[in-house]
Amino acid sequence: MKKLIIAAVILVSMSVKAFAGPIITIKVRIGQKSLSCAGFGWCGGSVGVESAFSNGTIQFNERSNELMWEISNESMKGKESLIRDGKVKIGEDAEIEADILKALRTTRQLVIKAGMYDIEKTSFGYKLIIKQ
């Protein structure tokens, strides 16, 4: 029985994709700058000082070169119709702000490129994994 439990734990730990890097609480205006923050995208963000004023988190994995952006349910109100078949379109490129890059402990410039992205519903809200 012990061997079965150990085998199950090893299997689960191998199948779970671990994300490295600090998780940063952020405040993001969701939308496109060119549309006065209408639509969907990264209209502007900053490091959240207090969780009460934040509406998401961001994390960067240097090894896999992926950015994970989680958006609260509250921030997605009125934008759910932009999600179709588990995908959402980001209409324009957006650079991540310097204070967020510093908090993520990266010297790289991170850009969310325009395009279609898988978006996953979570208990917190929605999650996007963006390849850099």
[X] and [Y]: side-chain donor and acceptor closer than 3.5 Å?
X	Y	value
S64	E66	yes
R29	N55	no
S46	E97	no

Where [X] and [Y] come nearest, the two heavy atoms and their spacing:
X	Y	answer
M116	K89	SD-CB, 3.3 Å
E92	S34	OE1-OG, 2.7 Å
P22	A103	CG-O, 3.7 Å

To the nearest 0.5 Å, what is the distance between [atom1] on [X] and [atom2] on [Y]?
X	Y	atom1	atom2	answer
E70	M68	CD	CE	5.0 Å
L104	L110	CG	CG	6.5 Å
K113	I130	NZ	CD1	12.0 Å

Is the closest side-chain heavy-atom distance between [X] and [Y] below 4.5 Å?
X	Y	result
I58	I96	yes
I100	I26	yes
N65	R108	yes
I90	I112	yes
F40	I71	yes
N73	F124	no
I24	F60	no

Revision key, fill the gap. In L82, I83, I129, the residue satisfying side-chain contact (heavy atoms from CB on, under 4.5 Å) with I119 is I83
Review point. Does any N or O in the side chain of E95 come within less than 3.5 Å of the main-chain N or O of Q109, such that one atom is a donor and the other an acceptor?
Key: no
Study note, to complete from the structure: residues 118-132 vs salt bridge (charged side-chain N to carboxylate O under 4.0 Å, His left out), sequence neighbours excluded, gives K87-D118, E120-K127
**Study point:** Working for side chain to side chain contact (heavy atoms under 4.5 Å, CB included), residues W69 and Y126
**Key:** CA-CA 8 Å; W69 177 21; Y126 295 86; over 6 Å; no
